[in-house]
Amino acid sequence: MVTRFAPSPTGYLHIGGARTALFNFLYARHHGGAFKLRIEDTDRARMPEGATEAIFDALRWLGLDWDGDAIFQFARAKRHAEVARELLAKGGAYRCWMTAEQLAAGRAQAEAERRPFRLSSPWRDRDDGPADVPHVIRLRAPREGAVTIDDQVQGAVTVQNAELDDMVLLRSDGTPTYMLAVVVDDHDMAVTHVIRGDDHLNNAFRQLALIRALGWDEPVYAHVPLIHGPDGAKLSKRHGAIGAETYRDMGILPEALENYLLRLGWGHGDDEIISRAQAIEWFDLDGVGRAPARLDAKKLENINGHYLRAADDRRLAELTAPLIAAALARDLDAAERDLLLRSMPDLKARAKDLNELAASSLFLFRTRPIPLDERAQKLLEPPASDLLSQARGALAASTDWSGPALEAAVRELAERLGLGLGKIAQPLRAALTGSSTSPGIFDVLAVLGRDESLGRIDDQLR
RNA sequence: GGCCCCAUCGUCUAGCGGUCUAGGACGUCGCCCUUUCACGGCGAAAACACGGGUUCGAUUCCCGUUGGGGUCACCA
């Protein structure tokens, strides 16, 4: 069996497209089939520079590797036209000389009479038009009866043939239409399962008519509901993040986005955190829901936090280093990279995305005297500075500069003064990190080292 | 508007005639843990759109209403 993902290069990988790709990928892997990629690049005018690469990048980022080379639809135009001519020769299609004006007039009249427009070309049953005048080739679609598609997601869907008109296969300039191209490409690529957004459900009936006229094998269809914005409307630019790469920029891990997308419109009992391997084992079309799902940023964030905590420290350090460098406007040296790596276990426990992770690590790399934010300044006001001074003494007296040893020293001090640990820890935190929130203060002390820690404290004692 | 699809907590969903006083997750609100922030733990509020059938029995099946969505090009 063969599935396929067929995006048109718009400049980014639509988040809904990413989910469609994921479903196709998972379905193919689950059934031991192939997952192919086809770029529907026939609309050259509306194709931004680098649009194809953007799709490749996003797919690779998500780890949705396609089998074989990507197929470019535009390059296959000759083949498409050839199929149309063959069909014409067999009588399954006809030449139509209706003009755009005639069509427009028909539509306008239909609208005025408040009845649906049904194309009825006078050329369907005659072929004596002027051969040298531009004309299109239309499918001679059946007018009687109905077609039922046994959709794997939507169930049995029936449409009357009278609802479908004779679609254009070849434009008057000889270029193929999308409908033709899709059918020919799916056939030539040996696609057996067409899994796509349900905005194509209506198209399926037209395409099926063409497939039948051609006498080709019919694919299995599965039309997945679209993804909606938080307001329930179709996802569009005004909702903000619609490109998969935007999520990467937001510091979302690809496995988190994948898990989130997988659970959007598909379920497997109460399971929430699902690995790639597990997804391949479990995924099937019968688990796909039929109602459109809304995007929920909070849930994505939560899942991302989960994957962040589970992620390898080295990988996170590598992912975060460039973000830190950008914030600092300088690169990290080897020692700093090591510091970042060592701090990662403490850092990643509290971040929900890579940007937060980077931001929360900045205090490690500040040069003395480090800047203090408003709350940190407040924490260091008079009564606290005396405590800070005493804490410095206790710390400096410790012969063992390790987390547990330092904690013991500070706890002892707190007890001696009859204070809660927080009374001492907070000023310490402010002096060491310049912030009121950070990883555990004894971890910070340990990771920063004796000289740097004491130095930062002294800076605040002056 | 025609055609097609859909309908369980705010959101994602489990449920495939009785096990439902409807389960889980995110979010929200309490409490606990605690040096801050997170994490984690415990608990709470929160849904079967409505109306008819079918059935001994409907969240589950059928019809209608309402409400969403998709689609109606010589775009893809």
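Below, chains carry the letters A, B, ... as their sequence lines are ordered, and counting in each starts from 1.
Residue contacts shown for Met167(A) are absent, as no nucleic acid heavy atom lies under 4.0 Å away. Among the protein residues, Ser360(A) comes within range of no part of the nucleic acid, since none of its heavy atoms lies under 4.0 Å from any strand. As judged by a 4.0 angstrom heavy-atom cut-off over every strand, Glu163(A) is placed among residues touching the sugar-phosphate backbone only. Among the protein residues, Ser435(A) comes within range of no part of the nucleic acid, since none of its heavy atoms lies under 4.0 Å from any strand.
Base pairing of G18(B) is made with C56(B), judged by Watson-Crick or G-U wobble geometry with both donor-acceptor distances under 3.5 Å. Pair assignment for A49(B): U65(B), on the basis of Watson-Crick or G-U wobble contacts that are both within less than 3.5 Å. G2(B) is paired with U71(B) under the criterion used here, namely a Watson-Crick or G-U wobble arrangement in which both key atom distances are under 3.5 Å. Summarising the base pairing, C31(B) is matched to G41(B) through a Watson-Crick or G-U wobble pair whose two defining distances lie under 3.5 Å. Pair check for C26(B) finds G10(B); Watson-Crick or G-U wobble, both atom distances under 3.5 Å.
Counting only residues at least two apart or in different chains, salt bridge (charged side-chain N to carboxylate O under 4.0 Å, His left out) contacts with residues 155-168 of chain A comprise Arg118(A)-Glu163(A), Arg124(A)-Asp166(A), Asp165(A)-Arg206(A). Applying the salt bridge (charged side-chain N to carboxylate O under 4.0 Å, His left out) test to pairs two or more places apart or on separate chains, those with a residue in residues 256-272 of chain A are Glu258(A)-Arg276(A), Arg263(A)-Glu272(A), Glu272(A)-Lys299(A). Legend: side chain to side chain donor-acceptor pair (under 3.5 Å) pairs involving residues 38-47 of chain A, not counting sequence neighbours, sorted by first then second residue: Arg38(A)-Glu40(A), Arg38(A)-Asp186(A), Glu40(A)-Gln73(A), Asp41(A)-Arg44(A), Asp43(A)-Arg46(A). Under the salt bridge (charged side-chain N to carboxylate O under 4.0 Å, His left out) criterion, the residue pairs touching residues 406-433 of chain A are Glu407(A)-Arg411(A), with sequence neighbours excluded. Within the structure, salt bridge (charged side-chain N to carboxylate O under 4.0 Å, His left out) contacts touching residues 353-364 of chain A (residues at least two apart or in different chains) are Lys352(A)-Glu356(A). Screening residues 135-174 of chain A for ring pair (Phe, Tyr, Trp, His ring centres under 6.0 Å) gives Trp97(A)-His135(A) as the qualifying pairs, with residues at least two apart or on separate chains.
Rounded to whole Å, the separation between the C1' atoms of G51(B) and U11(B) comes to 28 Å. Between A76(B) and U71(B), the two P atoms lie 15 Å apart (nearest whole Å). Using C1' as the reference atom, A58(B) and C16(B) are 13 Å apart when rounded to the nearest Å. For the P atoms, the distance from U65(B) to G1(B) is 13 Å, rounded to whole Å. Spacing between C4(B) and G40(B) at atom P, rounded to whole Å, works out to 48 Å. The same atom, C1', is picked in A47(B) and in C26(B); the two are 16 Å apart, to the nearest Å. Atom name P, nucleotides C33(B) and G68(B): the rounded distance is 48 Å, in whole Å. When the C1' atom is compared between A14(B) and C9(B), the two are found 13 Å apart, to the nearest whole Å.
Applying the ring-ring contact (aromatic ring centres under 6.0 Å, His included) criterion to His268(A), with sequence neighbours excluded, gives Trp282(A). With sequence neighbours excluded, no residue forms a salt bridge (charged side-chain N to carboxylate O under 4.0 Å, His left out) with Arg107(A). Legend: residues meeting side-chain contact (heavy atoms from CB on, under 4.5 Å) with Ala405(A), ordered by chain and number and at least two apart, are Ser398(A), Asp400(A), Ser402(A).
Atoms CG and CD1, on Leu262(A) and Ile274(A) in that order, are 5.0 Å from each other to the nearest 0.5 Å.
Distances shorter than 4.0 Å separate none of the side-chain N or O atoms of Arg263(A) from OP1 or OP2 on C12(B).
With 3.5 Å as the limit, one finds no donor-acceptor pair spanning the side chains of Thr433(A) and Ser438(A).
Under the 3.5 Å distance criterion, the side-chain polar atoms of Asn302(A) are left unmatched by any main-chain donor or acceptor of Lys298(A).
Atom CG of Asp271(A) is separated from atom C1' of G15(B) by 15 Å (rounded to the nearest Å). For the pair Arg38(A) CZ and A76(B) P, the computed distance is 13 Å after rounding to whole Å. Between the CD1 atom of Ile227(A) and the P atom of C5(B) there is a distance of 22 Å, rounded to whole Å.
Where Ala156(A) and Tyr178(A) each meet RNA chain B at their nearest nucleotide, the meeting point lying more 5' is that of Ala156(A).
Taking only side-chain atoms of Lys298(A), from C-beta outward, the nucleotide of G27(B), G23(B), A76(B) with the closest atom is G27(B).
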Polar atoms only, N or O, under 3.5 Å: list the protein pairs with nucleotides 72-74 of chain B and their distances.
unit_1: A73(B); atom_1: OP2; unit_2: Arg107(A); atom_2: NE; d: 3.3
unit_1: C74(B); atom_1: O2; unit_2: Ser172(A); atom_2: N; d: 3.1
unit_1: C74(B); atom_1: O2; unit_2: Ser172(A); atom_2: OG; d: 3.0
unit_1: C74(B); atom_1: N3; unit_2: Ser172(A); atom_2: OG; d: 3.0
unit_1: C74(B); atom_1: N4; unit_2: Met98(A); atom_2: O; d: 3.3

What string of B, S and - do you get for nucleotides 30-41 of chain B 5' to 3' if you count protein non-hydrogen atoms under 4.0 Å? -----BBBSS--
Mark up nucleotides 65-70 of chain B, 5' to 3', with B wherever a protein heavy atom is under 4.0 angstrom from a base atom, S wherever such an atom reaches only the sugar-phosphate, and - elsewhere. ----SB
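Aromatic rings from Trp123(A) and Tyr94(A) are positioned such that their centres are separated by 6.0 Å or more.
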